[in-house]
Each structure stands twice: as C-alpha cells, then as structure tokens.
Asks: 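Once you've had a glance at the structure underneath, I'll fire off some questions.
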Amino acid sequence: DGGITQSPKYLFRKEGQNVTLSCEQNLNHDAMYWYRQDPGQGLRLIYYSQIVNDFQKGDIAEGYSVSREKKESFPLTVTSAQKNPTAFYLCASNPGQRNQPQHFGDGTRLSIL
Amino acid sequence: GQNIDQPTEMTATEGAIVQINCTYQTSGFNGLFWYQQHAGEAPTFLSYNVLDGLEEKGRFSSFLSRSKGYSYLLLKELQMKDSASYLCAVPLDATNKLIFGTGTLLAVQP
C-alpha cells in the first residue's frame, strides 16, 4: 500500500548534537512538507519542497535544514542551533494540486536528553 | 495577515450532535480542509470545501461560508472513538502550503 513512512518513531537528542528525521513516500507525490506540533498548538510549517532539488523555508525554519535529492525522500535535520527541539514532527506529501489533501506520516517525537 | 480561530476544547455526549466552528482571515481563498487527529497520531483528512454550502459524508458534514470567512464541522451520532482533535486548515497559495488552526479537542462522554 502507498503511504508515508517516518522514522524513527521516538528520538532523543543530546546537547550540541544534530539529528536527522527520515521521511519516505511511495505515493509519487511531487510536494513534501515538514511540520512541527507543540502541545496545545497547531501544526507549524518548517520547510516544504514542490519538486526534486528545490525547497523553501516555512514559518519556523531557523535551526533546521532539509534536502530533496530524490522524489521519494525529504529528510529533516534538527541542528544544534535549534534550542527548543522537543516536539512532535510530522511529514506530509501532496500531489502538488491545491485542492488535494496532504497525507501525513505517523510522526517522530523528539526529546532532549 | 493570515489567521484561523477554533475553540480550544469541547465536550459532548455519546449519540449526540456537535458542531465545531472555524473562522479564518486570509488574503486569498483556496478552499478549507478539516482533519481529525487522535493523540500522538497523524492527522487524517476528513473534508475539503471550496464552494459555499454543506458537504455531507456519512456521520460527518462540513459547511462553508466564504463571505463570512466561516466553516463548521458537524459530527452526528457521536461515538467514543470520535474523541480527538479536529484541525481546520486553509491553503495559503498555489503551493498548497497549509496554515492550521490550533485544533479543537473534542471529548465524547458516555
């Protein structure tokens, strides 16, 4: 079955460490997105990519980086510059059409050690 | 600016009907999405409205009034499994970037 796979489900980061969250989709979708969700808040957009080898900053990109070398993959790196990384991270994809819903992965919960 | 408002929490009784409201202010309008999210899980798509009126899909219906910047999600014959957060979201532009409301946490009681 087609879908979006995020890994790992839980991740712990030490101070000063960079960590990478994986997001893979086999839906053949052009667009992919990364969101951050904090308790009591809605989803906030970190980065998005409309096409391979191109990506754009969202509303809260500071302290994060991404790459889009393959259509299927959109990994997110949480760098040591992100001082408050504890959150639930969600990856989504979309065929690239405005009236189509975004499909979400199951999320990665990142915590500080 | 862009803004979406939803009530933070609601409580309803099993078997009853509940209406979850969403108001939005955006520079343009490209439709409105409703998602359901159970605690610790991914949001799942419920409905999409781009024209005024009511869209019915089983126990769930969604209404849109573009002139009022207003939508609601109507849940009928509530079940315990409907306890979840309900997220209202609008695309900002042709890139389909979504801006989300904070979500409404619905608690269904026996």
Side-chain angles (χ1 to χ4, degrees), chain A residues 2-10 21 23 25 27 29-51 54-61 68 87-111, chain B residues 1-10 20 22-24 26 28-51 55 57 60 62 64 66 73 84-107:
Chain A
I4 302 178
T5 302
Q6 289 188 240
S7 62
K9 191 170 180 65
Y10 299 96
L21 284 61
C23 178
Q25 55 100 358
L27 298 167
H29 286 172
D30 286 316
M32 297 186 75
Y33 310 82
W34 273 106
Y35 294 93
R36 170 182 172 139
Q37 188 174 34
D38 294 281
Q41 295 192 36
L43 280 65
R44 293 183 291 167
L45 183 65
I46 305 173
Y47 269 97
Y48 67 102
S49 170
Q50 296 292 109
I51 197 168
D54 185 53
F55 50 83
Q56 305 295 329
K57 292 182 179 180
D59 298 322
I60 55 166
R68 186 84 188 277
F88 189 46
Y89 291 86
L90 286 159
C91 179
S93 71
N94 170 274
Q97 298 166 14
R98 195 181 313 170
N99 61 348
Q100 295 295 313
Q102 293 186 10
H103 299 260
F104 287 85
D106 288 336
T108 293
R109 190 165 297 280
L110 176 62
S111 302
Chain B
Q2 329 278 1
N3 191 50
I4 296 180
D5 288 313
Q6 302 179 237
T8 304
E9 296 181 354
M10 297 183 73
I20 301 174
C22 170
T23 57
Y24 62 90
T26 55
F29 183 72
N30 300 295
L32 185 143
F33 292 91
W34 282 98
Y35 286 85
Q36 179 190 60
Q37 185 181 24
H38 287 98
E41 298 183 8
T44 55
F45 169 71
L46 290 177
S47 67
Y48 173 73
N49 295 69
V50 68
L51 299 177
E55 297 269 349
K57 194 184 294 185
F60 292 9
S62 56
L64 176 68
R66 288 173 295 173
L73 184 68
S85 284
Y86 291 86
L87 311 176
C88 173
V90 295
L92 287 178
D93 52 37
T95 63
N96 205 27
K97 291 183 298 181
L98 292 178
I99 178 171
F100 283 84
T102 56
T104 298
L105 181 61
L106 174 66

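For clarity, every value in this text was computed on a predicted model and none was experimentally measured. Residue numbers start from 1 in every chain, and the chains themselves are labelled A, B, ... in the order their sequence lines are given, proteins ahead of strands.
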Asks: Tell me, side chain or backbone of R44(A) under 4.5 Å from chain B's heavy atoms, or both, or neither?
Replies: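 For R44(A), neither part sits under 4.5 Å from chain B.
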Asks: If every non-hydrogen atom of P101(A) is compared with every non-hydrogen atom of F45(B), which pair is closest and at what distance?
Replies: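 Between these two residues, the closest heavy atoms are CB-CD1, 3.4 Å.
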Asks: Residues in salt bridge (charged side-chain N to carboxylate O under 4.0 Å, His left out) with D59(A), at least two apart?
Replies: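 D59(A): no salt bridge (charged side-chain N to carboxylate O under 4.0 Å, His left out) contacts found.
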Asks: Closest heavy-atom contact between G40(B) and F88(A)?
Replies: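 Smallest heavy-atom distance, with atoms named: O-CZ, 3.7 Å.
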Asks: Let me confirm one number: the OH-NZ distance from Y48(A) to K97(B), rounded to the nearest 0.5 Å.
Replies: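 The distance works out to 3.5 Å.
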Asks: Measure distances from N94(A) to the heavy atoms of chain B and classify the residue's part below 4.5 Å as side chain, backbone, both or neither.
Replies: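 Just its side chain gets close to chain B.
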Asks: At their closest point, which heavy atom of A42(B) faces which heavy atom of G105(A), and how far apart are they?
Replies: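 Distance-wise, the nearest heavy atoms are CB-O, 2.8 Å.
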Asks: Sort L98(B) into side chain, backbone, both or neither according to what part of it lies under 4.5 angstrom from a heavy atom of chain A.
Replies: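 Both parts, heavy atoms under 4.5 Å.
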Asks: Which residue out of L45(A), N99(A), D106(A) racks up the most heavy-atom pairs below 4.5 Å with chain B?
Replies: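 When all of L45(A), N99(A), D106(A) are compared, N99(A) has the most.
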Asks: Under 4.5 Å from any heavy atom of chain B, what part of L90(A) do you find: side chain, backbone, both or neither?
Replies: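 For L90(A), side-chain heavy atoms alone lie under 4.5 Å from chain B.
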Asks: Measure Q41(A) against the heavy atoms of chain B and call it side chain, backbone, both or neither at under 4.5 Å.
Replies: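 The backbone, not the side chain.
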Asks: Would you list the pairs meeting side chain to side chain donor-acceptor pair (under 3.5 Å) in which at least one residue belongs to residues 28-42 of chain B, sequence neighbours left out?
Replies: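 Pairs touching residues 28-42 of chain B that pass the test: Q37(A)-Q37(B), R98(A)-N30(B), W34(B)-S71(B), Q36(B)-Y86(B).
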